[in-house]
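Comments concern the structure below.
Keep in mind that this is a model prediction, so the values were computed, not measured. So that the names make sense, note that chain A is the first sequence line, chain B the second, and so on, each numbered from 1.
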Amino acid sequence: MCGRATVTNPEGIEEKVYGFSTRFVPTEWRPRYNLNPREDIPVVHVDDSGERSLRLMHWNFVPGHLASREQVMSFDSQYSTFNAKIERAAIAPTFRSAWRKQRCLVVVDGIFEWVGAKGVKTPHLVRRRDRATFAMAGLWSVWRGHDGEELWSCAIMVGPSAEWYLPFHHRMAAILPPASYDAWLDPALTDAAAVEETLKAAPYSHSEHLESVIVSKRINNPRYDAPDCLVPDAAA
DNA sequence: CCAGACGTTGTT
DNA sequence: GTCTGG
DNA sequence: CCAGACGTTGTT
DNA sequence: GTCTGG
């Protein structure tokens with residue numbers, strides 16, 4: 001599954017790779033070594049004006065139809081929508097609209113997985129062998145309050161793991177090959193089954209492009225976000 | 001047609 | 001145990 | 001995802 | 001908003 005990530009080099013999210021023309025990101029965008037659900041994560045999507053944009057979004061999908069800020073806060077804290085199941089998104093009430101019309105790429109350069117039972121869990125970082133950024137299939141949403149307030153949010157698609165990933169988890173994020181970006185992002189592609197087809201190309205069904213390394217248990221603490229999260233702890 | 005409901009993943 | 005917060 | 005908190009009555 | 005149910 002995907003519940004922790006890194007964006008160690010925001011500048012590595014390049015326009016020419018992901019094809020966006022507009023950026024809605026902070027001028028001071030510091031690297032993240034320990035990025036958690038319900039924090040801001042970079043997303044590439046086609047917005048209402050048809051522009052392909054890079055934007056930070058709240059990593060926990062919140063439906064746009066909620067009537068008040070209170071309902072938004074309540075939904076966000078009550079439900080874990082930072083992942084969405086590929087098998088369910090087309091029909092699940094929260095996701096079905098976004099599945100047809102509001103798909104996105106969630107762009108990071110690493111994701112964490114924990115191996116082992118509670119108490120003896122070892123954190124691993126999964127990243128590209130070339131350390132470049134990569135894109136996971138996602139869904140996005142925007143909630144607009146009456147006073148102009150906006151909450152942009154997103155979920156990462158997960159499905160059954162490829163065999164090489166099973167040591168980490170039985171579910172894995174849908175990592176997309178660049179050739180699939182356009183189809184996945186295309187708002188004109190609204191047929192649910194056709195959408196699912198665009199995820200069928202599974203270049204990461206093996207570990208050719210990805211590797212894993214053991215990292216520090218410091219990563220366990222979601223409040224700790226520093227480069228030394230990404231190196232192994234000294235032997236005991 | 002209108003009224004009314006309307007939410008998730010993962011873990012053990 | 002369960003919820004909140006990061 | 002994991003870590004850490006987890007409480008009350010009354011008053012302004 | 002968008003879907004379901006009557």
Calculate the interatomic distance between [X] atom [atom1] and [N] atom [atom2]; express it in whole Å.
X: A/Asn60; N: B/dG10; atom1: CG; atom2: P; result: 13 Å
X: A/Glu87; N: B/dT9; atom1: CD; atom2: C1'; result: 11 Å
X: A/Asp225; N: C/dG6; atom1: CG; atom2: C1'; result: 10 Å
X: A/Gln71; N: B/dG7; atom1: CD; atom2: P; result: 13 Å
X: A/Ile41; N: C/dG6; atom1: CD1; atom2: P; result: 17 Å
X: A/Asp76; N: C/dG5; atom1: CG; atom2: P; result: 10 Å
X: A/Phe112; N: D/dC1; atom1: CZ; atom2: P; result: 15 Å
X: A/Trp143; N: E/dT2; atom1: CH2; atom2: P; result: 17 Å

Compute both the distance and the angle, then confirm whether A/Arg128 meets the cation-pi test with A/Phe134: under 6.0 Å from the six-membered ring centre, within 45 degrees of the axis.
-> no

Is A/Arg55 close enough and on-axis enough to A/Trp152, meaning under 6.0 Å and within 45°, for cation-pi?
-> yes

Identify which nucleotide among [options] has an atom closest to any side-chain atom of [X], counting heavy atoms from C-beta outward.
X: A/Arg223; options: C/dG6, B/dG7, B/dG10; answer: C/dG6
X: A/Pro93; options: C/dG6, B/dT8, B/dT9; answer: B/dT8
X: A/Val158; options: B/dT8, B/dG10, D/dC1; answer: B/dG10
X: A/Arg4; options: B/dT8, D/dC2, B/dG10; answer: D/dC2
X: A/Asn221; options: B/dT9, D/dG4, C/dG6; answer: D/dG4
X: A/Pro222; options: B/dT8, D/dC2, B/dG10; answer: D/dC2

Now, which nucleotide makes the Watson-Crick or G-U wobble pair with E/dG6, with each of the two distances under 3.5 Å?
-> B/dC1

Go ahead and name the base partner of B/dT8; Watson-Crick or wobble counts if both distances stay under 3.5 Å, otherwise write none.
-> none

With a 4.0 Å cutoff (strictly under), does any side-chain N or O of [X] reach OP1 or OP2 of [N]?
X: A/Lys101; N: E/dT2; answer: yes
X: A/Lys121; N: D/dC2; answer: yes
X: A/Arg88; N: B/dT8; answer: yes
X: A/His169; N: B/dT11; answer: yes
X: A/Arg171; N: B/dG10; answer: yes
X: A/Asn220; N: D/dA3; answer: yes

Checking A/Arg4 side chain against A/Ile219 main chain: does a donor-acceptor pair fall under 3.5 Å?
-> yes

Just by distance, do the side chain of A/Ser141 and the backbone of A/Val62 share a donor-acceptor pair under 3.5 Å?
-> yes

Salt bridge or not for A/Lys101 and A/Asp191, using N-O below 4.0 Å?
-> no

For atom [atom1], what is the distance between [N] and [M], given to the nearest Å?
N: B/dT9; M: C/dT2; atom1: C1'; result: 16 Å
N: B/dT11; M: D/dC2; atom1: P; result: 8 Å
N: B/dT8; M: D/dG4; atom1: C1'; result: 23 Å

Can you check whether A/His65 stacks with the E/dT2 base, using ring centres under 5.5 Å and planes within 30°?
-> no

When clusters are formed by joining ILVMFWY residues with side-chain heavy atoms under 4.5 Å apart, either directly or through shared neighbours, do A/Tyr165 and A/Val215 land in the same one?
-> no

Return the set of residues passing side chain to side chain contact (heavy atoms under 4.5 Å, CB included) with A/Asp182 (not counting sequence neighbours), or none when no residue passes.
-> A/Arg52

With a 4.0 Å cut-off on heavy atoms, is [X] in touch with a base, just the backbone sugar-phosphate, or nothing at all?
X: A/Ala92; value: sugar-phosphate
X: A/Val62; value: nothing
X: A/His58; value: nothing
X: A/Ala84; value: sugar-phosphate

